[in-house]
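Data block below; observations after.
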Amino acid sequence: MLRVVVLVSGGGTNLQAIIDAVSSGTITNTEIVGVISNNKNAYALERAAKHGIKNVCISPKDFASRAEFNEALLDTVNQFEADLLVLAGFLVVIPEKMIESYRNRIINIHPSLIPSFCGTGFYGLKVHEAALEKGVKVVGATVHFVDEGTDTGAIIMQKAVGVQKGDTPEILQRRVMEQAEWIILPQAIDLIANDKLEIIDGKVWIK
Ligand code: GAR
(Lines give C-alpha, C1' and ligand atoms only; values in the text may rest on other atoms or scores of the structure.)
Protein backbone atom coordinates (compact mmCIF):
# COMPACT_ATOMS: atom_id res chain seq x y z
CA MET A 1 0.00 0.00 0.00
CA LEU A 2 1.29 3.42 -0.97
CA ARG A 3 1.06 5.73 2.05
CA VAL A 4 0.05 9.17 0.78
CA VAL A 5 0.07 12.49 2.60
CA VAL A 6 -1.78 15.33 0.86
CA LEU A 7 -0.69 18.92 1.51
CA VAL A 8 -3.30 21.62 0.99
CA SER A 9 -3.96 25.32 1.54
CA GLY A 10 -7.52 25.94 0.42
CA GLY A 11 -10.76 24.42 -0.76
CA GLY A 12 -9.35 20.97 -1.34
CA THR A 13 -11.27 19.95 -4.46
CA ASN A 14 -8.19 18.06 -5.65
CA LEU A 15 -7.98 16.35 -2.25
CA GLN A 16 -11.65 15.40 -2.70
CA ALA A 17 -10.90 13.97 -6.15
CA ILE A 18 -8.16 11.80 -4.60
CA ILE A 19 -10.42 10.67 -1.73
CA ASP A 20 -13.20 9.79 -4.21
CA ALA A 21 -10.81 7.96 -6.52
CA VAL A 22 -9.49 5.84 -3.64
CA SER A 23 -13.08 5.07 -2.53
CA SER A 24 -14.21 4.13 -6.04
CA GLY A 25 -11.14 2.04 -6.81
CA THR A 26 -9.90 4.38 -9.56
CA ILE A 27 -6.77 4.66 -7.43
CA THR A 28 -5.66 1.27 -6.15
CA ASN A 29 -3.04 0.12 -3.68
CA THR A 30 -3.18 3.49 -1.88
CA GLU A 31 -4.06 4.81 1.56
CA ILE A 32 -4.38 8.52 2.36
CA VAL A 33 -2.69 8.54 5.76
CA GLY A 34 -2.82 12.28 6.44
CA VAL A 35 -3.68 15.76 5.28
CA ILE A 36 -1.54 18.76 6.22
CA SER A 37 -2.61 22.39 5.74
CA ASN A 38 -0.69 25.59 6.35
CA ASN A 39 -4.03 27.38 6.77
CA LYS A 40 -6.31 26.49 9.66
CA ASN A 41 -9.37 27.76 7.78
CA ALA A 42 -8.79 25.53 4.76
CA TYR A 43 -12.00 23.69 3.88
CA ALA A 44 -9.74 20.82 2.83
CA LEU A 45 -9.22 20.02 6.53
CA GLU A 46 -12.97 19.50 6.93
CA ARG A 47 -13.06 17.26 3.88
CA ALA A 48 -10.32 15.12 5.47
CA ALA A 49 -12.12 15.01 8.83
CA LYS A 50 -15.40 13.98 7.17
CA HIS A 51 -13.62 10.99 5.69
CA GLY A 52 -11.87 10.07 8.93
CA ILE A 53 -8.43 11.06 7.62
CA LYS A 54 -5.95 12.44 10.15
CA ASN A 55 -5.52 16.14 9.50
CA VAL A 56 -3.26 18.77 10.96
CA CYS A 57 -2.54 22.47 10.47
CA ILE A 58 1.05 23.71 10.56
CA SER A 59 0.92 27.47 10.09
CA PRO A 60 4.00 29.65 9.60
CA LYS A 61 2.20 32.18 11.82
CA ASP A 62 2.71 29.88 14.81
CA PHE A 63 6.51 29.85 14.48
CA ALA A 64 9.12 32.50 15.25
CA SER A 65 10.99 31.95 11.99
CA ARG A 66 10.64 30.30 8.60
CA ALA A 67 13.39 27.86 9.58
CA GLU A 68 11.37 26.69 12.60
CA PHE A 69 8.25 26.32 10.48
CA ASN A 70 10.18 24.32 7.88
CA GLU A 71 11.52 22.04 10.61
CA ALA A 72 8.01 21.48 12.06
CA LEU A 73 6.56 20.81 8.61
CA LEU A 74 9.20 18.17 7.87
CA ASP A 75 8.74 16.59 11.33
CA THR A 76 4.99 16.35 10.77
CA VAL A 77 5.39 14.86 7.32
CA ASN A 78 7.93 12.34 8.64
CA GLN A 79 5.56 11.22 11.41
CA PHE A 80 3.11 9.96 8.79
CA GLU A 81 5.81 7.67 7.33
CA ALA A 82 4.60 8.59 3.86
CA ASP A 83 5.76 7.04 0.60
CA LEU A 84 4.38 9.93 -1.46
CA LEU A 85 3.61 13.57 -0.73
CA VAL A 86 0.94 15.13 -2.95
CA LEU A 87 0.83 18.92 -3.18
CA ALA A 88 -2.81 19.65 -3.98
CA GLY A 89 -3.06 23.42 -4.01
CA PHE A 90 -0.35 23.74 -1.33
CA LEU A 91 0.87 27.31 -1.61
CA VAL A 92 4.01 27.02 0.52
CA VAL A 93 7.56 26.83 -0.85
CA ILE A 94 8.76 23.33 -0.03
CA PRO A 95 11.87 23.41 2.18
CA GLU A 96 15.01 22.10 0.43
CA LYS A 97 15.57 19.53 3.17
CA MET A 98 12.13 18.06 2.45
CA ILE A 99 12.86 17.90 -1.28
CA GLU A 100 16.12 16.06 -0.56
CA SER A 101 14.45 13.63 1.88
CA TYR A 102 11.60 12.89 -0.53
CA ARG A 103 13.39 13.02 -3.89
CA ASN A 104 10.98 11.80 -6.64
CA ARG A 105 8.40 11.20 -3.91
CA ILE A 106 6.69 14.62 -4.04
CA ILE A 107 4.22 15.47 -6.81
CA ASN A 108 2.38 18.72 -7.50
CA ILE A 109 -0.68 19.64 -9.54
CA HIS A 110 -0.29 22.90 -11.45
CA PRO A 111 -3.23 24.50 -13.31
CA SER A 112 -1.46 25.14 -16.65
CA LEU A 113 0.38 23.27 -19.36
CA ILE A 114 3.94 23.71 -18.06
CA PRO A 115 6.13 25.48 -19.26
CA SER A 116 3.36 28.01 -19.92
CA PHE A 117 2.06 30.14 -17.06
CA CYS A 118 4.19 28.63 -14.31
CA GLY A 119 6.93 29.62 -11.90
CA THR A 120 6.98 32.27 -9.19
CA GLY A 121 3.73 34.22 -8.95
CA PHE A 122 1.69 31.78 -11.04
CA TYR A 123 -0.75 30.05 -8.73
CA GLY A 124 -4.51 29.61 -8.42
CA LEU A 125 -6.63 32.14 -10.27
CA LYS A 126 -3.59 34.16 -11.38
CA VAL A 127 -2.70 31.40 -13.84
CA HIS A 128 -6.09 31.63 -15.53
CA GLU A 129 -6.06 35.45 -15.53
CA ALA A 130 -2.69 35.35 -17.32
CA ALA A 131 -3.91 32.79 -19.87
CA LEU A 132 -6.99 34.87 -20.71
CA GLU A 133 -4.90 38.05 -20.86
CA LYS A 134 -2.57 36.37 -23.38
CA GLY A 135 -5.50 35.07 -25.41
CA VAL A 136 -4.29 31.46 -25.62
CA LYS A 137 -6.88 29.01 -26.91
CA VAL A 138 -5.63 25.87 -25.15
CA VAL A 139 -4.85 25.64 -21.44
CA GLY A 140 -4.76 22.65 -19.09
CA ALA A 141 -3.05 21.11 -16.09
CA THR A 142 0.22 19.35 -15.28
CA VAL A 143 1.25 16.83 -12.64
CA HIS A 144 4.99 16.91 -12.03
CA PHE A 145 7.61 15.81 -9.56
CA VAL A 146 8.84 18.56 -7.27
CA ASP A 147 12.48 19.61 -7.40
CA GLU A 148 14.32 22.68 -6.08
CA GLY A 149 12.82 25.02 -8.68
CA THR A 150 9.29 26.40 -8.94
CA ASP A 151 7.26 24.14 -11.28
CA THR A 152 10.50 22.85 -12.87
CA GLY A 153 10.39 19.15 -11.89
CA ALA A 154 9.93 16.27 -14.34
CA ILE A 155 6.47 16.23 -15.94
CA ILE A 156 4.37 13.14 -15.23
CA MET A 157 1.06 13.89 -16.95
CA GLN A 158 -0.65 16.77 -18.76
CA LYS A 159 -4.16 17.29 -20.06
CA ALA A 160 -5.33 20.08 -22.38
CA VAL A 161 -8.57 22.05 -22.04
CA GLY A 162 -10.06 24.52 -24.53
CA VAL A 163 -10.65 28.19 -23.80
CA GLN A 164 -14.12 29.43 -24.76
CA LYS A 165 -15.40 32.85 -25.77
CA GLY A 166 -16.71 34.65 -22.69
CA ASP A 167 -14.58 32.70 -20.20
CA THR A 168 -13.77 34.48 -16.94
CA PRO A 169 -10.79 33.35 -14.83
CA GLU A 170 -13.25 31.63 -12.47
CA ILE A 171 -15.09 29.78 -15.27
CA LEU A 172 -11.81 28.70 -16.85
CA GLN A 173 -10.38 27.59 -13.49
CA ARG A 174 -13.42 25.41 -12.87
CA ARG A 175 -13.22 23.84 -16.36
CA VAL A 176 -9.50 23.10 -15.94
CA MET A 177 -10.23 21.47 -12.59
CA GLU A 178 -13.15 19.38 -13.87
CA GLN A 179 -11.64 18.34 -17.20
CA ALA A 180 -7.97 18.05 -16.24
CA GLU A 181 -6.83 18.37 -12.60
CA TRP A 182 -9.34 16.02 -10.96
CA ILE A 183 -8.56 13.40 -13.61
CA ILE A 184 -4.78 13.46 -14.00
CA LEU A 185 -3.86 13.86 -10.33
CA PRO A 186 -5.62 10.61 -9.30
CA GLN A 187 -4.24 8.89 -12.43
CA ALA A 188 -0.67 9.91 -11.54
CA ILE A 189 -1.07 8.62 -7.97
CA ASP A 190 -2.42 5.31 -9.28
CA LEU A 191 0.53 4.96 -11.66
CA ILE A 192 2.99 5.58 -8.81
CA ALA A 193 1.12 3.24 -6.45
CA ASN A 194 1.34 0.46 -8.99
CA ASP A 195 4.95 1.08 -9.95
CA LYS A 196 4.04 2.02 -13.51
CA LEU A 197 6.39 5.00 -13.90
CA GLU A 198 10.04 5.11 -14.82
CA ILE A 199 12.45 8.01 -15.06
CA ILE A 200 14.91 7.93 -17.95
CA ASP A 201 17.43 10.79 -18.27
CA GLY A 202 15.27 12.92 -15.99
CA LYS A 203 12.11 12.34 -18.08
CA VAL A 204 9.11 10.40 -16.79
CA TRP A 205 7.50 7.66 -18.87
CA ILE A 206 4.75 5.13 -18.30
CA LYS A 207 6.38 1.69 -18.30
C1 GAR B 1 -5.81 24.09 -7.98
O2 GAR B 1 -6.30 24.69 -9.14
C3 GAR B 1 -4.33 23.78 -8.12
O4 GAR B 1 -3.98 23.36 -9.40
C5 GAR B 1 -3.72 25.11 -7.79
O6 GAR B 1 -4.48 25.58 -6.69
C7 GAR B 1 -5.82 25.09 -6.81
C8 GAR B 1 -6.23 24.44 -5.50
O9 GAR B 1 -7.57 24.08 -5.52
N10 GAR B 1 -2.34 25.00 -7.49
C11 GAR B 1 -1.43 25.91 -7.84
O12 GAR B 1 -1.70 26.95 -8.41
C13 GAR B 1 0.00 25.57 -7.47
N14 GAR B 1 0.94 26.42 -8.18
P15 GAR B 1 -8.16 23.02 -4.51
O16 GAR B 1 -7.74 23.44 -3.09
O17 GAR B 1 -9.65 23.11 -4.69
O18 GAR B 1 -7.62 21.66 -4.87
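As the structure lists them, so they are numbered: ligands from 1, and atoms in each ligand from 1. Nothing here was measured: the structure is a model prediction, and the numbers come from that model.
The atoms of ligand 1 that sit less than 4.0 Å from any heavy atom of Asn14 are 1 (C), 18 (O). Residue contact check: His110 has heavy atoms under 4.0 Å from atoms 14 (N) of ligand 1. For ligand 1, the atoms lying closer than 4.0 Å to a non-hydrogen atom of Met177 are 1 (C), 2 (O), 9 (O), 17 (O). Counting the atoms of ligand 1 from 1 in the order shown, those under 4.0 Å from a heavy atom of Glu181 are 1 (C), 2 (O), 3 (C), 4 (O).
In this structure, Ile109 counts as a contact residue of ligand 1, since one of its heavy atoms falls inside 4.0 Å of the ligand. Heavy-atom distances between Ala44 and ligand 1 stay at or above 4.0 Å for every pair.
Nearest heavy-atom pair, Lys159 versus Ile184, reported as atom, atom and distance to 0.1 Å: CB-CG2, 3.8 Å.
Between Glu181 and the choices Asn14, Val143, Val161, the side-chain contact (heavy atoms from CB on, under 4.5 Å) rule is met once, by Asn14. Applying side-chain contact (heavy atoms from CB on, under 4.5 Å) to Asn38 and the options Cys57, Pro60, Ser59 leaves one that passes, Pro60.
The protein atom (non-hydrogen) at minimum distance from atom 12 (O) of ligand 1 is Gly124 N, 2.8 Å. The single protein non-hydrogen atom nearest to atom 17 (O) of ligand 1 is Thr13 OG1, 2.6 Å, given as residue, atom name and distance. Here the heavy atom of the protein found nearest to atom 11 (C) of ligand 1 is Pro111 CD, 3.6 Å. For atom 16 (O) of ligand 1, the closest heavy atom belonging to the protein is Gly12 N, 2.7 Å. For atom 6 (O) of ligand 1, the closest heavy atom belonging to the protein is Gly89 CA, 3.7 Å.
Side-chain N or O atoms of Thr142 include one that pairs as donor or acceptor with a backbone N or O of Ile114 at under 3.5 Å.
Scored by the salt bridge (Lys or Arg N to Asp or Glu O under 4.0 Å) test, Arg105 finds no partners at all (sequence neighbours excluded).
For Phe122, every heavy-atom contact with ligand 1 shorter than 4.0 Å involves the backbone, none the side chain.
For the pair Asn78/Tyr102, a side-chain contact is recorded, criterion being any heavy-atom separation below 4.5 Å from C-beta on. For the pair Phe117 and Val136, the minimum side-chain heavy-atom distance is below 4.5 Å.
Arg103 and Glu148 are joined by a salt bridge, as a carboxylate oxygen and a charged side-chain nitrogen come within less than 4.0 angstrom of each other.
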